[in-house]
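Worksheet for the structure shown next.
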Amino acid sequence: MTAQTGLKLVERDASGVDTAFRADVLAGLAEPQKAIPARWFYDDAGSALFEDITQLAEYYPTRAETEILSTRSAEIAGLIGPGRAVVEFGSGSSVKTPLLLSAIQPSAYVPLDIAGDFLRASAAVLAKKFPGLPVCPVEADFMRLVELPADVAEFPKLGFFPGSTIGNMIARTATDLLRSMRATLGDGALLLIGIDLVKDEDVLLAAYDDAAGVTARFNLNLATRINRELEGDIPVAKLRHEARWNDVFARIEMHLVASEDIAFAVSGTRFAMRAGESIHTENSQKFTKRSSQVLLAAGGWEPRARWTDAAKQFSLVLAEAARPRSAP
Ligand code: AVI
């Protein structure tokens with residue numbers, strides 16, 4: 001069954017379970033190092049907790065990216081030009097989207113998100129802020145090719161992917177996503193993408209393990225979501241949040257660590273964890289200028305301009321859809 005919401009596509013079985021969620025969780029928990037893709041954090045509760053994270057003193061990315069968008073908006077707008085349909089991958093309710101929309105005179109705004117209620121709520125807030133602007137929310141998993149609403153077919157597109165969410169994917173998945181964005185947006189498209197930078201380990205660890213415990217609640221909410229949506233009985237109180245810096249891959253990792261031996265079931269399948277064993281729930285890759293350029297090129301995008309905040313913690317890159325070529 002396909003849930004129709006404005007436009008699109010979350011596959012559910014007869015009992016309303018998101019089949020992709022169940023498949024990822026069951027496969028991930030069966031691995032020797034248990035692991036679940038980070039995109040499943042974002043049910044309505046997870047999306048709200050993430051908004052709280054963005055307000056934390058320790059979490060620099062949102063402030064840094066907002067600083068870039070507000071101080072460099074004229075330059076960014078000059079390169080993008082007017083009349084583009086802005087397609088945002090993962091809908092933003094934050095200040096970033098209005099900053100972009102008010103700088104560039106877009107023809108339409110198309111937020112894409114898998115969290116339907118959150119998507120519609122933030123789209124409504126934006127539509128109020130920009131009364132003349134067509135706002136066409138699409139509930140979809142943007143990891144796949146998305147069919148955009150017919151209303152925006154004739155406009156040139158600007159993909160907007162702020163927040164360095166690209167860093168939450170392993171390189172192969174990130175490349176696939178960039179390629180599918182290229183296909184969704186078409187020839188002549190531009191992409192404005194936030195890319196977080198390698199920096200001091202202490203700054204990174206604090207950003208992903210804040211003193212108030214909001215990130216811990218965000219991480220643990222995944223287990224709560226599994227219990228609720230997939231008939232699970234994971235003992236959430238026996239899991240604790242841990243953030244680790246992996247220097248080999250230049251990434252922060254988040255884990256849910258069992259504080260004692262536990263056993264549980266998800267959708268009728270039984271799993272066990274030894275004390276100290278973890279479920280790896282997120283990577284947050286940090287980039288250098290070069291590593292970000294390599295990734296964008298692999299995904300079919302040619303960087304055209306790049307900005308950083310004053311403290312050089314975060315970058316925003318404007319890239320252009322590359323023409324397919326197989327030779328240098
Ligand atoms: C959405 N994403 C870019 C966030 C990040 O920084 O990797 C998710 C997050 N995880 C913990 N804190 C924030």
Side-chain angles (χ1 to χ4, degrees), residues 35-66 68-69 88-97 111-115 118-119 122 141-143 160-171 173-174 177-178 181 192-201 203-223 225 239-246 249-257 278-287 291-292 295 309 313-317:
I36 296 171
R39 66 198 186 103
W40 298 114
F41 279 133
Y42 300 94
D43 63 350
D44 289 343
S47 298
L49 279 165
F50 178 65
E51 290 302 316
D52 293 344
I53 288 174
T54 65
Q55 306 300 314
L56 293 168
E58 296 98 323
Y59 193 74
Y60 61 87
T62 309
R63 273 190 312 280
E65 192 175 40
T66 305
I68 300 168
L69 273 167
E88 182 165 4
F89 295 87
S91 74
S93 67
S94 62
V95 290
K96 287 182 242 173
T97 311
L112 308 181
D113 205 293
I114 201 167
F118 196 76
L119 167 74
S122 44
D141 177 358
F142 63 69
M143 298 302 294
F160 185 41
F161 196 39
S164 202
T165 302
I166 195 74
N168 295 136
M169 292 149 214
I170 58 169
T173 315
L177 173 60
L178 289 166
M181 285 174 168
L192 187 62
I193 181 168
I195 297 186
D196 198 7
L197 300 174
V198 173
K199 60 185 61 63
D200 193 87
E201 187 176 328
V203 175
L204 287 167
L205 286 172
Y208 290 85
D209 194 6
D210 59 285
V214 181
T215 311
R217 288 202 289 285
F218 173 71
N219 197 4
L220 287 159
N221 178 61
L222 178 61
R225 178 181 186 187
L239 294 174
R240 65 177 170 77
H241 163 70
E242 193 173 295
R244 304 175 187 164
W245 171 244
N246 182 327
F249 287 103
R251 69 191 186 203
I252 284 283
E253 295 179 4
M254 297 211 312
H255 292 255
L256 289 170
V257 183
S278 74
I279 307 171
H280 185 172
T281 51
E282 185 178 68
N283 289 326
S284 194
Q285 184 78 39
K286 306 306 167 191
F287 296 87
S291 67
S292 67
L295 177 65
D309 58 305
Q313 290 193 306
F314 198 92
S315 66
L316 194 63
V317 176

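One-based numbering, in listed order, for ligands and for the atoms of each. Below, all heavy atoms of this structure are taken into account, side chains as well, without hydrogens, waters or symmetry copies.
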Can you list, pair by pair, the side-chain donor-acceptor contacts under 3.5 Å of residues 160-168, counting residues two or more places apart and other chains?
from : atom 1 : to   : atom 2 : distance (Å)
S164 : OG     : D196 : N      : 2.8
N168 : ND2    : E282 : OE2    : 3.4
N168 : ND2    : N283 : O      : 3.0

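Using a 4.0 Å heavy-atom criterion, the residues that approach ligand 1 are Y42, F50, I53, Y59, G163, S164, T165, N168, Y208, T215, F218, M254, E282, S284.
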Would E51 and S122 satisfy side-chain contact (heavy atoms from CB on, under 4.5 Å), going step by step from the backbone distance to the final call?
-> CA-CA 12 Å; E51 290 302 316; S122 44; over 6 Å; no
Starting from the C-alpha separation in whole Å, work towards a yes-or-no answer on side-chain hydrogen bond (donor to acceptor under 3.5 Å, both in side chains) for S278 and E242.
-> CA-CA 9 Å; S278 74; E242 193 173 295; over 6 Å; no
Chi angles and distances behind the salt bridge (charged side-chain N to carboxylate O under 4.0 Å, His left out) call for R39, D141 = CA-CA 10 Å; R39 66 198 186 103; D141 177 358; 2.8 Å; yes
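T66 places a side-chain N or O within 3.5 Å of a backbone atom of T62 that can act as its donor or acceptor partner.
Separation of the Y60 and F314 ring centroids does not fall under the 6.0 Å cut-off.
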